[in-house]
**Student:** 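I'd like to ask you about the structure that follows.
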Amino acid sequence: MITLTHKMFLLPFLVAFVSCNAPPVPIDDIIIEKTFSPEQCLRAVKTGDYVRYHYNGMFPDGKKFDSSYDRGSTYNVFVGRRQLIAGMDKALVGMCVNERRLVKIPPHLAYGKDGYGDVIPPNSVLHFDVLLLDIWSSEDQVQINTYHRPENCDRKVQVSDYVRYHYNGTLLDGTLFDSSHTRMRTYDTYVGIGWLIAGMDQGLLGMCVGERRIVTMPPSLGYGENGDGSDIPPQASLVFDVVLLDLHNPKDEIAVEVQHLPDPCPRKSVVGDFMRYHYNGSLLDGTFFDSSYSRNRTYDTYVGKGYVISGMDQGLLGVCIGERRRITIPPHLAYGEEGSGTKIPGSAVLVFDVHVIDFHNPSDTVEVTTKKPEACSPTSKNGDYVKYHYNASLLDGTDIDSTYRYGKTYNVVLGAGQVVIGMEQGLVGMCVGERRRLVIPPHLGYGERGVEGEVPGSAVLVFDVEMIEMEEGLPEGYMYVWNNDVSPDLYVEMDKDKDGKIEPSEFSDYILKQVNEGHGRLAPGFDPHRLIENMFTNQDRNKDGHITEAEFKLKADEPNHDEL
């Protein structure tokens, strides 16, 4: 027996009951008392309709002679085709689903003077308490009532599309027989190729993602004469409240919508580039599943090499640095039928809103653009001591550092490994007053690790450099050079106390004196005392703490040492 969704209130009968053994009460026609009327009546019974209803059949004294409830099944019949007693044929016309009527039928519209076997005595007035549960016509088709349609609908369901949707399935009287919501998973299927009951195949066509509609179908387009053998009775109209969540076709490729294109765009990504980008990931119905922003770091990967899902590999090709684009990826180019984890269901279309921060290629070199002064000589080379200002940023314009804010230059010896390789390369060949923009790929910058809190891993760097001052360096391998001819009595001059050996203090005092008087020059940019100490160590061959005349050699005599 069905549990009704409405509380029934039986009103007092309009006429008094009479005993079945009393003389018949003359009634010319049926008497109908509506004991419950639903708020809405979208359709009323007409002659020729097929109906399903429950009833209790009683004599006027209240004695029950028949009941569909007792049999546990509704009474199913066409109205107005003489499949019922004449009074019931008339009584059902105009009824709405979930309407309840008390119908009093006189004998001549029931079983008349003959009665019906031992059940219905002759000339019996019959009372029927009727609850209408279903109504349809053999001419009925699928009925669609869309009660929510999204503002944007770029695509609608077509035959052979694959869809994911939620639904509540009820009988026409509101009895729930199934729901995808209670299972907490969508129903996923192809449309229009016979994988669904015919009414649902028709009812899903033309839907947009996010659309909600009521699909009502007659039994001929549902589960027909037999029902489903469980929750759906035979000859039942079905009502599905559907919301479409996803839609794609197995032939789909990715869809790319460019939302912002920077101007200029000197280069677009190609296969093999290494890219850093931010993204928000959602399902087609807008359900969020992941974001690089929430992790506060970019997603970094090679493009076109299979390191990401196929659709993203394709969608990241041909982009500009700074570009924003929406990439819509069908499941066969994403996570397929299995989905991924708990957030990406099987057969889900994915939508990525991508912002490209930077990209480079492992074969990239330092990119240099320059603005030279009219007189640009001499130019810097390895070994020179240079002083420069810079503004440092990422490719997207994010500031990293600036010497201007500290009010002092950055000073380095070129070729001494005091700055990243890309900066050393970019500073070579500059003159004082020259300005350069250096674009340095990460393998010539701070690499995959970056600088914690300052430079992200695998970041392309941009330095706007101005050369302020430059001091010529020494030839490669030299820590000190003579500006004049070398004295032939050099050893004697250094051995100030004439004891036949040069002590560290004698060596240091002599070299510093030559530098101060302009006779020689130490390599610029280094601690002079450390340089002199290294020079002494190189001359002290046996490491006994002093230099003998036999140990003492000039650079020309000992080419493998950084000597005098």
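Remember, it's a predicted structure, so these values are computed and weren't measured experimentally. Sequence positions, counted from 1, serve as the residue numbers for this chain.
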**Student:** Salt bridge (charged side-chain N to carboxylate O under 4.0 Å, His left out): which pairs involve residues 192-207, sequence neighbours left out?
**Tutor:**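 Sorted pair list comes back empty.
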**Student:** To the nearest 0.5 Å, what is the distance between CD1 on Ile254 and CD1 on Ile327?
**Tutor:**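 So the gap between those two atoms works out to 6.0 Å.
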**Student:** Supply the atom-to-atom distance Ser179 OG to His181 NE2, rounded to the nearest 0.5 angstrom.
**Tutor:**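 Here the rounded value is 5.0 Å.
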**Student:** How close do Leu176 and Asn168 get, heavy atom to heavy atom, and via which atoms?
**Tutor:**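 The answer is CD1-CB, 4.3 Å.
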**Student:** Using a distance-only test with no angle check, is there a side-chain donor-acceptor pair under 3.5 angstrom linking Asp228 and Ser230?
**Tutor:**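 Their side chains do not contain a donor-acceptor pair, so the 3.5 Å distance test is not met.
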**Student:** Would you give the length of the straight line joining atom CD1 of Ile32 to atom CE of Met95, rounded to the nearest 0.5 angstrom?
**Tutor:**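 That separation rounds to 8.5 Å.
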**Student:** Around Glu257, counting heavy atoms of other residues, nucleotides and ligands shown, do more than 12 lie under 6.0 Å from its CD?
**Tutor:**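 It does: Glu257 CD has more than 12 such atoms within range.
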**Student:** When you measure from the side chain of Asn98 to the backbone N and O of Asp173, does any donor-acceptor pair fall under 3.5 Å?
**Tutor:**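 It does hold such a pair.
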**Student:** Heavy-atom count around Tyr446 OH within 6.0 Å, excluding the residue itself: above 12?
**Tutor:**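 At most 12 heavy atoms, drawn from other residues, nucleotides or ligands, come within 6.0 Å of this atom.
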**Student:** Are the side chains of Arg43 and Ser137 in contact, using a 4.5 Å heavy-atom criterion?
**Tutor:**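 Yes. Closest side-chain heavy atoms under 4.5 Å.
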**Student:** Can you say whether the rings of Phe128 and Phe65 are parallel (under 30°), tilted (30 to 60°) or perpendicular (over 60°)?
**Tutor:**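 Answer is perpendicular, since the angle exceeds 60°.
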**Student:** Using the side chain to side chain contact (heavy atoms under 4.5 Å, CB included) criterion, which residues pair with Thr146? Sequence neighbours excluded.
**Tutor:**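 With neighbours one apart ignored, the set is Ile144, Arg149, Glu211, Arg213.
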**Student:** Step through the shown structure and confirm whether more than 12 heavy atoms of other residues, nucleotides or ligands are within 6.0 Å of CZ on Phe288.
**Tutor:**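 More than 12 within 6.0 Å, yes.
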**Student:** Might you point out which heavy atoms bring Pro150 and Gly210 nearest each other, and give the distance in Å?
**Tutor:**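 Looking at all heavy atoms of both residues, the shortest contact is CD-C, 4.0 Å.
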**Student:** With sequence neighbours excluded, tell me which residues meet side chain to side chain contact (heavy atoms under 4.5 Å, CB included) with Asp178.
**Tutor:**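 Only Tyr167, Arg183 meet the side chain to side chain contact (heavy atoms under 4.5 Å, CB included) criterion with Asp178.
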**Student:** Would you call Tyr165 and Val157 a side-chain contact if the rule is heavy atoms closer than 4.5 Å?
**Tutor:**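 Tyr165 vs Val157: side chains apart.
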**Student:** If you draw a 6.0 Å radius around CZ in Arg324, do more than 12 non-hydrogen atoms from other residues or ligands fall strictly inside?
**Tutor:**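 Incorrect, the count does not exceed 12.
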**Student:** With no hydrogens and no angle check, is any side-chain donor or acceptor of Ser291 less than 3.5 Å from a backbone partner on Tyr293?
**Tutor:**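 Pair found, side chain donor or acceptor close to backbone of Tyr293.
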**Student:** Side chain to side chain contact (heavy atoms under 4.5 Å, CB included) for His360 and Leu395? Distances and angles first, verdict last.
**Tutor:** CA-CA 11 Å; His360 72 280; Leu395 266 184; over 6 Å; no
**Student:** Roughly how far apart are Leu172 CG and Ile135 CD1, rounded to 0.5 Å?
**Tutor:**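 With rounding to 0.5 Å, CG (Leu172) is 8.0 Å from CD1 (Ile135).
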**Student:** Is there side-chain contact between Leu284 and Thr328, with heavy atoms separated by less than 4.5 Å?
**Tutor:**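 Side chain of Leu284 against side chain of Thr328, heavy atoms only: contact under 4.5 Å found.
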**Student:** State, with a plain yes or no, whether a side-chain heavy atom of Ile329 is found less than 4.5 Å away from one of Val349.
**Tutor:**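 Answer no - side chains too far apart.
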**Student:** Mind checking ring pair (Phe, Tyr, Trp, His ring centres under 6.0 Å) for His355 and listing every partner two or more places apart, or none if nothing turns up?
**Tutor:**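 Not a single residue meets the ring pair (Phe, Tyr, Trp, His ring centres under 6.0 Å) criterion with His355.
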**Student:** State whether a side-chain donor-acceptor pair under 3.5 Å links Asp246 with Tyr162.
**Tutor:**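 Not at all, the side chains of Asp246 and Tyr162 share no donor-acceptor pair under 3.5 Å.
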**Student:** State, yes or no, whether a side-chain contact exists between Arg101 and Lys34 at a heavy-atom distance under 4.5 Å.
**Tutor:**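 Side chain of Arg101 against side chain of Lys34, heavy atoms only: contact under 4.5 Å found.
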**Student:** Pick from Leu126, Asp29, Ile31: which one makes a side-chain contact (heavy atoms from CB on, under 4.5 Å) with Lys104?
**Tutor:**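 Among Leu126, Asp29, Ile31, the one meeting side-chain contact (heavy atoms from CB on, under 4.5 Å) with Lys104 is Ile31.
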**Student:** Distance from Lys64 atom NZ to Asn56 atom CG, nearest 0.5 Å?
**Tutor:**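 The NZ atom of Lys64 sits 5.5 Å away from the CG atom of Asn56.
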**Student:** So Gln202 and Met217, side chain to side chain contact (heavy atoms under 4.5 Å, CB included) or not? Walk me through it.
**Tutor:** CA-CA 10 Å; Gln202 296 177 31; Met217 63 192 70; over 6 Å; no
**Student:** Could I get the full list of side chain to side chain contact (heavy atoms under 4.5 Å, CB included) partners for Asp89, not counting sequence neighbours?
**Tutor:**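 If we apply the side chain to side chain contact (heavy atoms under 4.5 Å, CB included) test to Asp89, skipping adjacent residues, the hits are Val79, Leu84.
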**Student:** Quick check: do Val97 and Pro38 have side-chain heavy atoms less than 4.5 Å from each other?
**Tutor:**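 No, side chains not in contact.
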**Student:** For side chain to side chain contact (heavy atoms under 4.5 Å, CB included), just list the numbers for Val51 and Thr74, CA-CA rounded to whole Å, side-chain angles, deciding distance to a tenth of an Å, and then say yes or no.
**Tutor:** CA-CA 9 Å; Val51 296; Thr74 55; over 6 Å; no
**Student:** Mind checking what makes side chain to side chain contact (heavy atoms under 4.5 Å, CB included) contact with Ser393, not counting sequence neighbours?
**Tutor:**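 Result, side chain to side chain contact (heavy atoms under 4.5 Å, CB included) vs Ser393: Asp399, Val462.
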**Student:** Please collect all side-chain hydrogen bond (donor to acceptor under 3.5 Å, both in side chains) contacts where either partner lies in residues 261-278, sequence neighbours excluded, each pair once.
**Tutor:**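 Counting only pairs at least two positions apart or across chains, the side-chain hydrogen bond (donor to acceptor under 3.5 Å, both in side chains) contacts touching residues 261-278 are Arg267-Asp273, Arg267-Asp364, Asp273-Asn361, Arg276-Thr298, Arg276-Asp358, His278-Ser292.
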**Student:** If you count every heavy atom of other residues, nucleotides or ligands that lies below 6.0 Å from Arg71 atom CZ, does the total exceed 12?
**Tutor:**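 Atom CZ in Arg71 is packed in, count exceeds 12.
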**Student:** Would you say the side chain of Glu225 lies within less than 4.5 Å of the side chain of Pro219, judging by non-hydrogen atoms?
**Tutor:**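 They are not in side-chain contact.
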**Student:** Would you indicate whether the side-chain heavy atoms of Leu171 and Pro233 approach each other to under 4.5 Å?
**Tutor:**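 They are in contact (side-chain heavy atoms under 4.5 Å apart), so the answer is yes.
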**Student:** Going through the checks in order, is the ring pair (Phe, Tyr, Trp, His ring centres under 6.0 Å) test met by Phe359 and Tyr302?
**Tutor:** CA-CA 9 Å; Phe359 60 81; Tyr302 286 96; over 10 Å; no
**Student:** Any chance CZ of Arg155 has more than 12 other-residue heavy atoms, nucleotides or ligands included, within less than 6.0 Å?
**Tutor:**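 Yes, the 6.0 Å shell around CZ holds more than 12 heavy atoms from other groups.
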**Student:** Tell me the salt bridge (charged side-chain N to carboxylate O under 4.0 Å, His left out) pairs involving residues 236-245, sequence neighbours left out?
**Tutor:**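 Listed once each, the pairs would be none.
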**Student:** Before you tell me yes or no, could you show the steps for Lys305 and Asp313 under side chain to side chain contact (heavy atoms under 4.5 Å, CB included), namely the whole-Å CA-CA distance, both residues' side-chain angles and the distance that decides it to 0.1 Å?
**Tutor:** CA-CA 7 Å; Lys305 305 287 283 185; Asp313 246 356; 5.5 Å; no
**Student:** Output the distance between atom OG1 (Thr186) and atom CG (Leu244), rounded to the nearest 0.5 Å.
**Tutor:**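 Answer rounded to 0.5 Å: 10.0 Å.
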**Student:** Using a 3.5 Å cut-off and no angle test, enumerate the donor-acceptor pairs between side-chain atoms of residues 331-346 and protein atoms at least two apart in sequence or in another chain.
**Tutor:**
| residue | atom | partner | partner atom | Å |
| --- | --- | --- | --- | --- |
| His332 | NE2 | Pro250 | O | 3.4 |
| His332 | NE2 | Asp252 | O | 2.9 |

**Student:** With ring pair (Phe, Tyr, Trp, His ring centres under 6.0 Å) as the rule and sequence neighbours excluded, what pairs involving residues 194-229 come up?
**Tutor:**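 Residue pairs with at least one partner in residues 194-229: Tyr190-Trp195.
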**Student:** Sort and list the pairs that fulfil ring pair (Phe, Tyr, Trp, His ring centres under 6.0 Å) and have at least one residue in residues 135-158, not counting sequence neighbours.
**Tutor:**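 Found Tyr50-Trp136.
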**Student:** Among residues at least two apart in sequence or on other chains, which ones pass ring pair (Phe, Tyr, Trp, His ring centres under 6.0 Å) with Tyr111?
**Tutor:**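 Partners of Tyr111 by the ring pair (Phe, Tyr, Trp, His ring centres under 6.0 Å) criterion, ordered by chain and then number, come out as Tyr116.
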**Student:** Please check if atom CD in Glu367 has more than 12 non-hydrogen atoms from other residues, nucleotides or ligands closer than 6.0 Å.
**Tutor:**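 No.
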